[in-house]
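Here the structure is a predicted model, which is why all the values come from computation and not from measurement. Each residue takes its place number in the sequence, starting with 1.
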Amino acid sequence: QVQLVESGGTLVQAGGSLRLSCAASGRTISTYAMGWFRQAPGKEREFVAAISWSGGTTYYEDSVKGRFTISRVNAKNTVYLQMNSLKPEDTAIYYCVGDPRSIGTKAYDFMFWGQGTQVTVSS
């Protein structure tokens, strides 16, 4: 069993930056595909970014391409989401996800989910 704990969410002004962290415990995630999803109030949960176990493959949702970067440090059992040029529409709860199978972009591709961290972008 893997436990995922997100941190780094806060209130930030539009145009600002944040880095979210996801610390895993219970077992190593070095062979896991990892990712981030988000859910805004009144909206469906949506894919944000994913990274393969080696970091060699990454996927991004179109609206965050060029602004967000997903990365990982397997030695620290940690995944990051660097978010730049934040917009009010990025406001959401951000969830860290992981799975021992291959990388995907759908919620059902990921077995393990964190509790989420709130990101609020003010205009």
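- In this structure, the separation between CE on Met34 and SG on Cys96 is 4.0 Å, given to the nearest 0.5 Å.
- Looking at Asn74, its side chain does come within 3.5 Å of a backbone N or O of Trp53 through a donor-acceptor pair.
- Considering only residues two or more places apart in sequence or on other chains, Val97 meets the side chain to side chain contact (heavy atoms under 4.5 Å, CB included) condition with Phe37, Phe110, Trp113.
- With values rounded to the nearest 0.5 angstrom, Thr69 atom OG1 is found 10.0 Å from Ile51 atom CD1.
- When the side chains of ILVMFWY residues are joined at heavy-atom separations under 4.5 Å, either directly or via intervening members, Leu20 and Tyr95 end up in two distinct hydrophobic clusters.
- At a cut-off of 3.5 Å, with distance as the only test, a side-chain donor of Arg38 or Tyr94 sits close to an acceptor on the other residue.
- Leu81 CG to Thr117 OG1: the interatomic distance, rounded to the nearest 0.5 Å, is 11.0 Å.
- A pairwise comparison of heavy atoms in Tyr32 and Arg27 identifies OH-CD, 3.1 Å as the closest pair.
- Side chain of Ser52 to backbone of Thr57: a donor-acceptor contact under 3.5 angstrom is found.
- Side-chain atoms of Arg72 come within 3.5 Å of backbone N or O of Ile29 as a donor-acceptor pair.
- No continuous path of hydrophobic side-chain contacts links Val5 to Val119 [ILVMFWY only; heavy atoms under 4.5 Å].
- Across all non-hydrogen atoms, the minimal contact from Ser122 to Leu11 is CB-CD1, 4.2 Å.
- Judged purely by atom type and a 3.5 angstrom limit, Thr91 uses its side chain to pair as donor or acceptor with the backbone of Val121.
- Using a cut-off of 4.0 Å between Lys/Arg side-chain N and Asp/Glu carboxylate O, Lys65 and Asp62 are scored as salt-bridged.
- No continuous path of hydrophobic side-chain contacts links Tyr80 to Leu4 [ILVMFWY only; heavy atoms under 4.5 Å].
- Around atom CD of Gln115, no more than 12 heavy atoms belonging to other residues, nucleotides or ligands sit under 6.0 Å away.
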**Request:** Kindly determine whether Asp109 and Asp99 satisfy side chain to side chain contact (heavy atoms under 4.5 Å, CB included), including the steps that lead there.
**Result:** CA-CA 7 Å; Asp109 290 325; Asp99 198 277; over 6 Å; no

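- The shortest non-hydrogen separation linking Arg101 to Ala33 is O-CB, 3.7 Å.
- Under a hydrophobic-cluster definition in which Ile, Leu, Val, Met, Phe, Trp and Tyr are linked whenever side-chain heavy atoms come within less than 4.5 Å, directly or via other members, Phe47 and Ile93 are assigned to the same cluster.
- Going from atom OG of Ser63 over to atom CD of Glu46 covers 5.5 Å, rounded to the nearest 0.5 Å.
- The minimum heavy-atom distance between Gln39 and Lys43, with the atom names listed, is NE2-O, 3.1 Å.
- A side-chain donor-acceptor contact under 3.5 Å links Glu6 to the backbone of Gly116.
- Scanning both residues, Ala24 and Val2, for their nearest heavy atoms gives CB-CG1, 4.3 Å.
- Between Ala92 and Ala40, the closest heavy-atom pair is CB-N, 3.8 Å.
- Side chain of Asn84 to main chain of Ser17: no donor-acceptor pair is present (N/O by atom type, distance under 3.5 Å, no hydrogens or angles).
- With respect to Tyr60, the side-chain contact (heavy atoms from CB on, under 4.5 Å) criterion is satisfied by exactly one of Val48, Thr105, Ile70: Ile70.
- Trp36 contributes atom CH2, which lies 16.0 Å from atom CD of Glu61 (distance to the nearest 0.5 angstrom).
- Under the 4.5 Å side-chain heavy-atom criterion for ILVMFWY residues, no single connected hydrophobic cluster contains both Tyr59 and Val79.
- Under a 3.5 Å cut-off, the side chain of Ser30 and the backbone N or O of Thr28 do not form any donor-acceptor pair.
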